[in-house]
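The chains referred to below are lettered A, B, ... by the order of the sequence lines, with proteins before strands, and numbering in each begins at 1. Predicted model, so just to flag it, every value in this text is computed and none were measured. All values below were derived from every heavy atom in this structure, side-chain atoms included, with hydrogens, water molecules and symmetry-related copies excluded.
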2 protein chains.
Amino acid sequence: MEAVLSRKEQIEKTATALFKSKGFSATSMRDLANALGIEAASIYSHIKSKEEILQRVCFNMAREFFEAIDAVEAKEGNATDRLKRAIAAHVNVLTQNTEASAVFLHEWRHLSEPMHGTYLSLRDKYEARFREIIRSGMNNGEFTVPDEKFAALTILSSLNWIHTWYKPEGKMTPAEIAHNLTEMLLNGLTSSKQALHDTYSHLNTP
Amino acid sequence: MEAVLSRKEQIEKTATALFKSKGFSATSMRDLANALGIEAASIYSHIKSKEEILQRVCFNMAREFFEAIDAVEAKEGNATDRLKRAIAAHVNVLTQNTEASAVFLHEWRHLSEPMHGTYLSLRDKYEARFREIIRSGMNNGEFTVPDEKFAALTILSSLNWIHTWYKPEGKMTPAEIAHNLTEMLLNGLTSSKQALHDTYSHLNTP
DNA sequence: TAAATTTGCTAACGAACGTTAGGTTGCTTA
DNA sequence: TAAGCAACCTAACGTTCGTTAGCAAATTTA
């Protein structure tokens with residue numbers, strides 16, 4: 001079932017693809033018009049300005065990310081569990097909107113004030129959600145991490161690189177990506193933990 | 001001891017700062033001239049084109065990264081050791097050239113052919129160096145990782161976010177950043193490995 | 001069927017773009 | 001002291017930029 005897009009949504013979608021591949025500034029309204037098969041001036045029957053498109057893409061994605069993390073935290077769980085679900089939710093949003101995500105992550109600096117400032121404060125709020133999960137995990141001994149802010153940034157930066165290589169037809173599904181990422185970030189690369197656990201776990205039998 | 005910069009190097013440095021903060025396309029030659037206190041046309045006494053500046057920044061940084069990884073692999077060591085040193089080397093290059101690194105990582109797509117293709121193949125070669133370290137660690141049991149390419153990308157994406165927040169006057173030194181990153185990436189967030197090791201290590205006494 | 005809305009057009013606006021041509025100044029070197 | 005060079009200037013080029021005005025056709029709504 002294909003969604004029927006309004007002309008405005010078609011413009012937004014086409015612009016998003018161009019903004020991702022060429023960047024916002026290097027994409028002209030004539031480029032966009034050409035991709036749509038119409039004249040540049042015609043676009044202005046549907047939008048107010050070039051920047052309006054960027055605003056819509058950025059803040060729609062912001063809303064998606066917040067809805068995802070809200071859903072994660074609506075359910076109870078320890079820090080490990082919540083972090084796993086937060087990662088999976090973030091990966092889901094990213095992989096379901098690869099182009100818009102790329103624009104969201106890379107082109108926001110071309111927003112003018114006050115949107116630019118709004119964007120930054122939203123981003124900080126979102127990062128704070130991850131920081132809080134990590135902090136609670138540190139407090140109850142689930143996590144051992146040198147710096148909670150540093151850990152949150154490192155996790156998010158791993159996640160936010162996905163859009164550069166993810167292809168829906170690729171061999172990893174979003175769920176597998178989330179699982180592999182979680183595995184790496186929670187347990188690290190070294191084999192010894194699992195080995196240690198395998199070796200000694202019989203000592204822990206009740 | 002301050003390095004004495006030629007005019008061309010001053011232009012490159014100023015342009016790098018502008019390219020980082022506004023992006024290559026959104027930075028005009030008149031912006032650059034204004035930052036230098038001269039007229040736009042005067043810049044062309046020193047450079048051939050706007051893109052030449054971008055090329056120099058990108059490929060100078062590429063050279064820096066390769067020299068760093070070459071130095072890492074000139075010394076012997078197991079995979080864990082080499083990965084630690086590769087991370088530290090990468091962080092060093094990044095933190096010593098924050099602005100050029102940002103341009104290198106974000107603005108390369110504005111290179112025209114054949115430079116664009118050259119850049120991509122260099123980037124792949126560099127990533128392959130990390131993949132090889134990870135693969136050798138997988139083969140001898142040092143690392144347990146779902147996919148070597150995936151692991152390399154995840155590690156590099158964590159590293160490549162640093163330039164967005166690193167400040168030389170901040171509380172973390174490059175060495176501390178590298179150490180914390182290595183700790184997180186090798187051991188993960190969960191506390192259990194060290195705890196397990198602490199708990200059971202007496203069993204391993206020879 | 002009349003009115004309203006959607007979608008597009010041509011023509012053009014002033015501003016900004018990267019770049020070139022040609023010339024001037026002042027310092028450095030032979 | 002003459003030649004060479006580095007650094008910068010003014011003026012201007014052709015092009016592209018985002019955007020507006022005004023109008024026309026088709027489709028939807030009342």
Side-chain angles (χ1 to χ4, degrees), chain A residues 2-59 103 106-116, chain B residues 2-59 103 106-116:
Chain A
E2 282 289 308
V4 177
L5 300 182
S6 71
R7 203 64 174 122
K8 184 164 183 172
E9 287 166 334
Q10 287 176 43
I11 291 170
E12 210 171 296
K13 189 180 175 186
T14 307
T16 302
L18 287 172
F19 291 171
K20 175 180 181 176
S21 68
K22 311 180 57 168
F24 175 78
S25 289
T27 301
S28 73
M29 294 303 280
R30 285 164 180 87
D31 289 338
L32 175 54
N34 196 50
L36 289 160
I38 60 177
E39 293 296 318
S42 307
I43 300 173
Y44 288 85
S45 300
H46 306 276
I47 57 148
K48 289 215 300 276
S49 69
K50 184 186 177 186
E51 197 190 317
E52 191 207 4
I53 306 176
L54 181 62
Q55 287 169 13
R56 293 174 62 90
V57 176
C58 287
F59 290 102
V103 173
H106 284 63
E107 305 301 327
W108 55 269
R109 61 178 155 178
H110 298 108
L111 294 169
S112 55
E113 296 299 345
M115 296 303 203
H116 184 267
Chain B
E2 280 292 307
V4 177
L5 300 183
S6 71
R7 203 65 174 116
K8 184 164 182 171
E9 288 166 334
Q10 287 176 42
I11 290 170
E12 210 172 294
K13 188 180 176 185
T14 308
T16 301
L18 287 173
F19 291 170
K20 175 179 181 175
S21 70
K22 310 180 57 169
F24 175 77
S25 290
T27 302
S28 74
M29 293 303 279
R30 285 162 180 89
D31 288 338
L32 175 54
N34 196 49
L36 289 159
I38 61 178
E39 293 296 319
S42 307
I43 300 173
Y44 288 86
S45 301
H46 306 276
I47 57 150
K48 290 214 299 276
S49 68
K50 184 186 177 187
E51 197 189 316
E52 191 206 3
I53 306 175
L54 181 62
Q55 286 168 14
R56 293 173 63 89
V57 176
C58 286
F59 290 101
V103 173
H106 285 21
E107 306 300 327
W108 55 269
R109 61 176 156 182
H110 297 109
L111 294 169
S112 55
E113 296 299 346
M115 297 302 204
H116 183 266

Is the closest side-chain heavy-atom distance between B:Lys13 and B:Gln10 below 4.5 Å? no
Of B:Ala40 and A:Phe24, the one whose nearest nucleotide on DNA chain D sits closer to the 5' end is B:Ala40
Counting just side-chain N and O atoms, does B:Ser28 come under 4.0 Å of either OP1 or OP2 of C:dC17? yes
Rounded to the nearest Å, what distance is computed from the CD atom of residue A:Gln10 to the C1' atom of nucleotide C:dT7? 11 Å
d(NE2, A:His110; C1', D:dG18) in whole Å: 15 Å
Where the side chain of B:Arg30 is defined as all heavy atoms beyond and including C-beta, which of C:dC9, C:dT20, C:dC17 is the nearest nucleotide? C:dC17
Please work out whether the ring planes of B:His106 and A:His106 are parallel, tilted or perpendicular, with thresholds of 30° and 60°. tilted
Rounded interatomic separation in angstrom, taking CG from B:Leu54 and P from C:dG18: 13 Å
Approximate separation, where rounding is to 0.5 Å, of A:Lys50 NZ and A:Thr27 OG1: 6.0 Å
Residue-phosphate contact under 4.0 Å: B:Ser42 side-chain N/O, D:dC9 OP1/OP2: yes
When you check the phosphate oxygens OP1 and OP2 of C:dT20, does a side-chain N or O of B:Tyr44 lie under 4.0 Å from one of them? no
Which nucleotide sits closest to the side chain of A:Ser45: C:dT10, C:dG8, C:dT20? C:dG8
Whole angstroms only, please: what is the CG-P distance between A:Leu18 and D:dC17? 12 Å
Quickly work out the A:Glu51 CD to D:dG18 P distance and round it to whole Å. 12 Å
Mapping A:Ala26 and B:Glu39 to their closest nucleotides on DNA chain D, which lands nearer the 5' end? B:Glu39
How long is the line joining CD of A:Glu52 and C1' of D:dG18, in whole Å? 14 Å
Report the nucleotide, chosen from D:dG18, C:dC9, C:dT20, that has the shortest atom-to-atom distance to any side-chain atom of A:Ile38. C:dC9
Counting only side-chain nitrogens and oxygens, does A:Arg7 get under 4.0 Å of the OP1 or OP2 atom of C:dG8? yes
Can you label the angle between the B:His116 ring and the B:Trp108 ring as parallel, tilted or perpendicular, going by 30° and 60°? tilted
When you check the phosphate oxygens OP1 and OP2 of D:dA6, does a side-chain N or O of B:His46 lie under 4.0 Å from one of them? no
To the nearest Å, give me how far apart CG (A:Asp31) and P (D:dT15) are. 17 Å
Under 4.0 Å, counting only non-hydrogen atoms across every strand here, what does B:Thr27 touch: a base, just sugar-phosphate, or nothing? sugar-phosphate
CD1 of B:Ile47 versus P of C:dT19: gap in Å, rounded? 7 Å
Under a 4.5 Å cut-off applied to non-hydrogen side-chain atoms, are B:Arg7 and B:Ile38 in contact? yes
